[in-house]
Asker: 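Have a look at this one.
Numbers for residues simply follow the sequence, beginning at 1. All of these numbers come straight from a predicted model, not from anything done at the bench. First listed ligand is number 1; within each ligand, the first listed atom is number 1.
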Amino acid sequence: MLPVNSSIKAGAIAAAICAFGLLAGMALAHETLTTTVLFDREIVRILSKHCVMCHDQGGPSFPLDTYEQTFLQRRKIRAEIIARHMPPWAAVPGYGQFANDNSLTLQETQFIVSWVEGLGPRNSGTVFTNVAGADAARPNEIRAHADAGHWLLGMPDLARQLPANTIEPRAPDQVKRVVVDLGLTSERRVRAVEFMPGDRRVVHAAFFTVEETGEWIGSWTPWYGVMTLPKGVAYRLPAGAHVVAEINYRGAQERAVDRGTLGLFFAGSSSSNTASDLVLDAKGAVPAGAQSQRFHAEQRLAEDTYAAALRPELLPGANSVEVSARRPDGGTQVLLFAKDVPADWPSPYILREPVVILKGSILAVTAYYSNSAKTSKPGGFRVTMTKYSNAGFDRK
Ligand code: HEC
């Protein structure tokens, strides 16, 4: 057969398939809806809860507030949530419960898949297919709403603006470190820490430590901006304390000047229990071609210990990290198991309820790395656990 002929034939078949596809699509659109999930009802709630802290005008990614924006992105949305790329969250469900867990529930995932496959209806009225003028607002339009730009825990007892960082257009991922003097003339106790970034388009995460003690006291990610200790527990800040902020940035389309504000909430004198850090770390090389190079560190706990939060710091190439406690009775308690940790969204894991680890248990961290490169590269971890003992409670 001549090549010319075959290409004509292929073209005709393609046209036929195309026409059939169009007809099938139209027929479907005029038939009954194949989903009961509606944008104005289920989808908008999911977007508000899990997506628009990043996907809106002032955030780091394209907006997903309106029906039209979401409808246009529906296939990508389905692919991203099925692959668990979006929203970024690496903890595997079933191991520990976290206050800052932003992952979709199985039902939320099913709602989105059903909505996308059912032609993405807006409300019970019609199937909306006219996406012209995607940015035009409509009267009484239902949109997803981002909750940003105000203190979530109320007015802080002390607020300090951080020095400014300038982030160039499209700058790659980078961490900037700034220090702020809290101006404390006497020791204070802090029960909660909140952060408000200056420009949410460029801030991916922020971590705060006390310069004088090295202690980790709080963090911020687009989906969770506070650290609150359980009642009766507080961080200790010495007089003259400075806070070091490590801020993870990625450049936006335009130059951004970010100047965030740190808010501290003081504890009363009844908070006799002091939170402090327990750090486990391991370092080493990941040989070229390694598939699962193991790094491990452990420590026996000399007293009953309450874990409130975990901050794993990993290097590129980490496949997984597990934090667990081996109890004296032989049982194992997994505090965190995270896989495919996204390097561009560092996150703490704030336990929903503090977890008690019995005296004599061995706290262990294990991480696995792979390295597809031809040369060896560094691997390892540093895991910081915010913990306290219950000694303070017993005295009351
Ligand atoms: C922590 C911030 C954040 C959250 C939360 C988040 N996203 Fe994203 N998303 C991004 C960024 C930033 C990008 C741009 C791509 C990149 O750099 O990873 C993106 C990209 C995407 C893409 C496009 C991927 C592509 O191939 O172009 C889709 C679709 C998406 N997000 C959907 C969602 C949905 C749906 C949710 C909520 C269920 C969500 N995202 C939650 C930050 C976020």
Asker: Is it the case that the ring center of Trp89 lies less than 6.0 angstrom away from the ring center of Tyr224?
Answerer: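 No, ring centres 6.0 Å or more apart.
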Asker: Okay, side chain of Asp258, backbone of Gly198: is any donor-acceptor separation there less than 3.5 Å?
Answerer: yes
Asker: For Arg352, which residues count as a salt bridge (Lys or Arg N to Asp or Glu O under 4.0 Å) partner, sequence neighbours excluded?
Answerer: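 In terms of salt bridge (Lys or Arg N to Asp or Glu O under 4.0 Å), with neighbours along the sequence ignored, Arg352 is linked to no residue.
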Asker: Identify the protein atoms, limited to N or O, that lie within less than 3.5 Å of an N or O atom of ligand 1, and list each pair with its distance to 0.1 Å.
Answerer:
| unit_1 | atom_1 | unit_2 | atom_2 | d |
| --- | --- | --- | --- | --- |
| ligand 1 | 7 (N) | His55 | NE2 | 2.8 |
| ligand 1 | 9 (N) | His55 | NE2 | 2.9 |
| ligand 1 | 17 (O) | Arg250 | NH1 | 3.0 |
| ligand 1 | 27 (O) | Lys76 | NZ | 3.4 |
| ligand 1 | 31 (N) | His55 | NE2 | 2.9 |
| ligand 1 | 40 (N) | His55 | NE2 | 2.7 |

Asker: Cut-off 3.5 Å, no hydrogens considered: what does the side-chain donor-acceptor table look like for residues 162-179, sequence neighbours left out?
Answerer:
| unit_1 | atom_1 | unit_2 | atom_2 | d |
| --- | --- | --- | --- | --- |
| Asn165 | ND2 | Tyr249 | OH | 3.0 |
| Glu168 | OE1 | Arg255 | NE | 3.1 |
| Glu168 | OE1 | Arg255 | NH2 | 2.7 |
| Glu168 | OE2 | Arg255 | NE | 3.4 |
| Arg170 | NH1 | Gln253 | OE1 | 2.9 |
| Asp173 | OD1 | Arg250 | NE | 2.6 |
| Asp173 | OD1 | Arg250 | NH2 | 3.2 |
| Asp173 | OD2 | Arg250 | NH2 | 3.1 |
| Gln174 | NE2 | Pro172 | O | 3.0 |

Asker: With sequence neighbours left out, what residues match Arg300 under side-chain hydrogen bond (donor to acceptor under 3.5 Å, both in side chains)?
Answerer: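 Partners of Arg300 by the side-chain hydrogen bond (donor to acceptor under 3.5 Å, both in side chains) criterion come out as none, since no residue qualifies.
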Asker: In Å, rounded to the nearest 0.5 Å, how long is the span from OG of Ser276 to CD of Glu215?
Answerer: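 Rounded to the nearest 0.5 Å, the OG-CD separation comes out at 6.0 Å.
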